[in-house]
Every structure is written in structure tokens, then in C-alpha cells.
Amino acid sequence: MPDAACASGYGLNDFPKARINMMTGLRFPSIVTLLALIPAQSLAADKAPETIGQVERLDPALDDLIARDVKIEVLADGFDWSEGPLWLPSEKCVIFSDVPTNKIHRWSEQDGLSVYLTPSGYTGDVPRGEELGSNGLLLDQEGRLVICQHGDRRMARMDAPLGKPAAKFITIVDQYQGKRFNSPNDAVYHSSGALYFTDPPYGMPKRFDDQNRELDFQGVFRLDADRTLTLLTKELRAPNGIAFSPDEKRLYVAQSDPKKAIWMAYNVAEDGSIAGGRVFFDATRLVGKGPGLPDGLKVDAAGNLFATGPGGVLVISPEGKHLGTIHTGTAIANCAFGDDGRTLYMTCDMYLCRIRLKTIGDGF
């Protein structure tokens with residue numbers, strides 16, 4: 001697996017080739033290969049959703065979070081690399097990025113699949129790179145859409161209502177000490193209004209070796225409500241997904257490095273700074289046993305992590321115990337709680353999937 005295999009959780013130096021290579025290790029090659037050839041479409045428009053995969057149970061505690069008879073549903077497929085799902089309560093839909101195609105899609109039970117926004121992450125005219133679209137998506141405290149824009153190398157806000165999306169963007173932040181970011185990847189808001197985000201180089205044409213990089217590190221940053229930007233750490237080679245514990249006293253950051261596939265945990269001080277960084281869970285031994293690397297993550301109200309990584313969505317207790325894994329047979333980029341907080345939406349390579357949970361997402 002190449003070192004640049006971090007942005008989406010798999011090798012992306014040549015994205016189409018990575019897609020093909022990824023299929024060779026899947027548990028469901030016939031289904032995946034067939035559906036990968038179909039243009040993006042909703043699979044729930046006129047029939048019950050397809051089901052796929054399985055839930056691997058490593059600890060009895062998982063039964064309190066995921067029922068034994070639950071199915072993983074495929075809602076839509078045909079994407080190049082689906083990422084960054086976000087539930088929009090006001091619209092009763094989930095939106096998500098298709099990074100290589102520079103689009104955000106929308107899916108709802110009532111309307112099925114549609115294009116929500118294009119362009120989503122790169123607004124220039126000169127083609128550049130394969131991962132130029134939007135990645136992580138989130139809502140700010142006023143309910144506005146905030147986007148990690150790979151191609152434009154910034155954190156931006158859509159300058160339009162959620163119900164009437166438009167490709168008009170306001171830059172939130174795009175540089176540190178006069179140097180442009182690499183390509184902001186994932187982000188989370190603190191209750192103080194501070195925006196925490198990661199900045200790996202996956203959106204740049206040559207990733208870590210791109211000559212147009214202005215920063216010589218991959219940072220985790222905090223942008224306070226007063227616009228003060230702080231570098232929290234530059235010690236991670238491949239920072240990716242990011243989330244808080246329910247009490248906001250702990251910050252989790254995923255590292256998509258196949259040689260050190262870990263989730264870090266940091267103590268969060270009252271001023272928003274972080275300290276005491278330690279390895280919360282190490283999945284390096286799982287790399288290669290299933291598709292994917294540590295990528296996006298979400299936390300439920302009890303503090304359990306639903307963290308995408310090798311093999312699928314790893315469910316990890318607040319104490320760092322691996323309770324089980326949601327397997328779809330594909331690399332899973334990210335996930336998000338939606339509906340009443342008990343549905344987990346997952347962006348899984350060419351798929352949008354969901355699984356019903358017994359637990360509830362933090363914030364619902």
C-alpha cells in the first residue's frame with residue numbers, strides 16, 4: 001500500500017487503478033464490481049434497498065449498540081469516492097461529497113438521489129489533481145454549510161440557504177502564517193464556536209511530494225470565534241478524521257498512515273488548547289486484512305467511537321476497546337448519525353449506505 005494511500009483510506013496516486021486494486025480484496029467482489037460500473041443512482045427509488053456486508057462482533061457490549069438482526073442497506077451507488085456525509089435536519093436528508101467529481105450529492109427517503117452542489121471543492125478553471133472536490137461537511141452554530149475544500153485549499157462556507165444551495169462560497173480560513181493550507185480534510189466545531197480541522201495534502205496532485213505545497217507539515221488547527229488561528233500539533237504525518245468526546249474534554253484525531261494506523265486522543269483545556277496526546281487505538285495490525293485506513297469518525301452520546309478504518313467502521317469504546325466492525329466489503333471513508341440520531345450513514349467508496357443502531361449520536 002503506497003504512502004500516499006491516506007486521503008480516502010486507500011491508494012490514490014492513481015485513483016481509478018486504486019479502485020480496481022481495492023476490489024481484489026473485497027468480501028463481495030461480484031456485487032461491488034457490477035455496481036461500480038453503474039452511474040450514480042439511487043437504489044431505493046422504486047424498491048427496498050439492497051443489503052450488503054455484515055457486522056463483526058468482538059465483544060458482547062456491541063449488542064447494546066447494534067442489534068443482531070440489523071442489515072446494512074445500500075441507498076445509492078456509482079460514485080467515484082464518496083466522503084463526508086452530513087445529516088441536514090431542516091431538510092430531512094443526508095448530503096455527501098464525491099471528491100473526484102467535485103460534487104456534493106443529496107439523498108432522502110422521499111426524493112432519492114440528486115446532485116446538491118457543483119462545484120463543491122474547486123472553483124478554478126484549470127484541471128488539477130484527482131481529489132479536488134469537497135471532503136468533510138459540517139454545520140456551523142447558525143446552521144450554515146461549512147465545507148473542507150480540497151481544490152481551493154481552504155475552509156469555506158456556502159453563501160446560500162441549505163434548501164437552495166448555490167456554488168457561492170465565503171472563505172473562512174485558507175492560510176497559516178501567510179502560507180496556504182495543503183487541503184483541509186475534516187473538521188468539527190466546539191461548543192465555544194471554535195473550528196478544529198485537519199490539513200493533510202490529499203487534495204494536491206502529488207500529495208506529500210507536491211512542489212506547490214507551502215507548509216512543510218500536516219497540521220491540526222483551531223480557528224477561534226475571534227478569528228485567531230492556532231496550530232495545535234504538526235506531529236502527525238497523516239491527520240484525517242477529527243471529533244470530540246461528548247463532554248468535549250477529549251479530542252480524537254485519526255491518522256491515515258499505513259505504517260502507523262492510529263487514533264490519537266488529546267486532553268482539551270478550557271482555552272481550547274490540547275495536551276497529553278496519546279495513542280487511543282492502534283489498528284496497524286489490521287492494515288491489509290481489510291480495505292481502508294483510519295479516516296472519518298463520529299462519537300455517540302455514550303462516548304463510543306464509530307471510526308472508519310481497516311475493514312470498515314470500527315466501534316471502539318471510550319476506554320479504547322474494539323467492540324466490533326461494520327463491514328461493507330469496501331473501504332469506508334466516513335460516517336454520520338442521522339434521522340433521529342439512531343441511523344448511521346456511511347460513505348463506502350462507490351456507495352452510500354446506512355445501518356440502524358440502538359445507540360444515539362452525540363448531539364441528538
Side-chain angles (χ1 to χ4, degrees), residues 8-10 19 21-36 38 42-44 47-79 81-83 85 94 96 107 241 254 261 263 281 283-300 304-317 321-339 342-361:
S8 53
Y10 231 74
R19 286 276 305 278
N21 291 342
M22 205 184 306
M23 292 177 187
T24 63
L26 299 181
R27 298 187 178 203
F28 309 96
S30 59
I31 297 174
V32 173
T33 303
L34 175 63
L35 293 180
I38 305 173
S42 173
L43 299 182
K47 62 178 181 178
E50 303 280 351
T51 61
I52 192 173
Q54 63 181 342
V55 177
E56 178 186 20
R57 296 174 184 274
L58 301 176
D59 190 283
L62 189 67
D63 292 347
D64 294 330
L65 308 179
I66 307 176
R68 284 192 167 268
D69 60 351
V70 74
K71 302 294 184 183
I72 303 169
E73 297 177 312
V74 179
L75 304 177
D77 85 304
F79 311 105
W81 182 258
S82 56
E83 256 282 11
V94 62
F96 58 98
W107 186 90
W263 287 268
F281 187 80
T284 308
R285 62 182 176 81
L286 301 177
V287 173
K289 295 181 179 180
L293 288 170
D295 203 321
L297 68 148
K298 298 297 185 291
V299 181
D300 74 5
N304 299 292
L305 273 66
F306 287 74
T308 65
V313 179
L314 281 66
V315 184
I316 307 170
S317 74
K321 186 174 185 178
H322 186 190
L323 305 180
T325 300
I326 302 168
H327 295 279
T328 60
T330 65
I332 302 182
N334 211 332
C335 58
F337 293 98
D339 299 325
R342 298 185 188 275
T343 298
L344 188 72
Y345 288 92
M346 301 171 288
T347 45
C348 315
D349 192 6
M350 72 285 289
Y351 296 139
L352 172 68
C353 297
R354 73 179 174 189
I355 186 171
R356 189 67 177 168
L357 305 175
K358 295 169 71 174
T359 186
I360 189 168

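When reading the values below, keep in mind they use all heavy atoms of this one structure, side chains included, and skip hydrogens, waters and symmetry mates.
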Going from CG on Leu75 to CZ on Arg354, what distance comes out if it is rounded to the nearest 0.5 angstrom? 5.0 Å

If you measure from CG on Asp339 to CG on Leu344, what distance do you get to the nearest 0.5 Å? 10.5 Å

Calculate, to the nearest 0.5 Å, the distance between atoms CG and SG belonging to Asp77 and Cys353 respectively. 9.0 Å

Is it the case that the side chain of Thr308 and the backbone of Gly296 share a donor-acceptor pair, with hydrogens and angles ignored and the cut-off at 3.5 Å? yes

Is any side-chain heavy atom of Phe306 closer than 4.5 Å to a side-chain heavy atom of Val299? no

Do the rings of Trp107 and Tyr345 sit parallel, tilted or perpendicular, given the 30° and 60° boundaries? tilted

By side-chain contact (heavy atoms from CB on, under 4.5 Å), Ala261 pairs with (sequence neighbours left out) Thr284, Val287, Leu293, Pro294

Minimum-distance pair of heavy atoms, taken over all atoms of Ala336 and Lys298: CA-CG, 4.0 Å

Could you go through the side chain to side chain contact (heavy atoms under 4.5 Å, CB included) check for Ile355 and Val313 one step at a time? CA-CA 11 Å; Ile355 186 171; Val313 179; over 6 Å; no

Residues in side-chain contact (heavy atoms from CB on, under 4.5 Å) with Arg342, at least two apart? Asp340, Arg356, Ile360

Going by the angle between their ring planes, with limits at 30° and 60°, are Trp263 and Phe281 parallel, tilted or perpendicular? tilted

Nearest-0.5 Å distance that lies between atom CG in Leu305 and atom NE2 in His322: 11.0 Å

List the steps and the verdict of side chain to side chain contact (heavy atoms under 4.5 Å, CB included) for Val94 and Thr343. CA-CA 11 Å; Val94 62; Thr343 298; over 6 Å; no

Could you tell me which non-hydrogen atom of Pro291 sits nearest to which non-hydrogen atom of Thr330, and how far apart they are? CG-C, 3.6 Å

Identify the two heavy atoms, one from Gly241 and one from Leu297, that lie closest to each other, and give their separation to 0.1 Å. C-CD2, 3.3 Å

Any sub-3.5 Å donor-acceptor pair from His327's side-chain atoms to Gly312's backbone N or O? no

Distance from Ile326 atom CD1 to Gln54 atom CD, nearest 0.5 Å? 12.0 Å

Which atoms form the tightest heavy-atom contact between Ala254 and Asp295, and what is the distance? CB-O, 3.3 Å

When you measure from the side chain of Thr325 to the backbone N and O of Leu314, does any donor-acceptor pair fall under 3.5 Å? no

Using the side chain to side chain contact (heavy atoms under 4.5 Å, CB included) rule, take Arg57 and Ile66 through it: C-alpha gap first, then chi angles, then the decisive distance, then the call. CA-CA 10 Å; Arg57 296 174 184 274; Ile66 307 176; 4.0 Å; yes

With sequence neighbours left out, the residues meeting salt bridge (Lys or Arg N to Asp or Glu O under 4.0 Å) with Arg68 are Asp63

Counterpart residues, side-chain hydrogen bond (donor to acceptor under 3.5 Å, both in side chains), relative to Lys321 (two or more places apart): Asp59

Residues that Asp300 engages under side-chain hydrogen bond (donor to acceptor under 3.5 Å, both in side chains), provided they are two or more places apart: Asn304, Thr359

Not counting sequence neighbours, which residues clear ring pair (Phe, Tyr, Trp, His ring centres under 6.0 Å) with Phe96? List them please. Phe79, His105

For the student: nearest non-hydrogen atoms of Ile72 and Met346, plus distance: CG2-CE, 3.9 Å

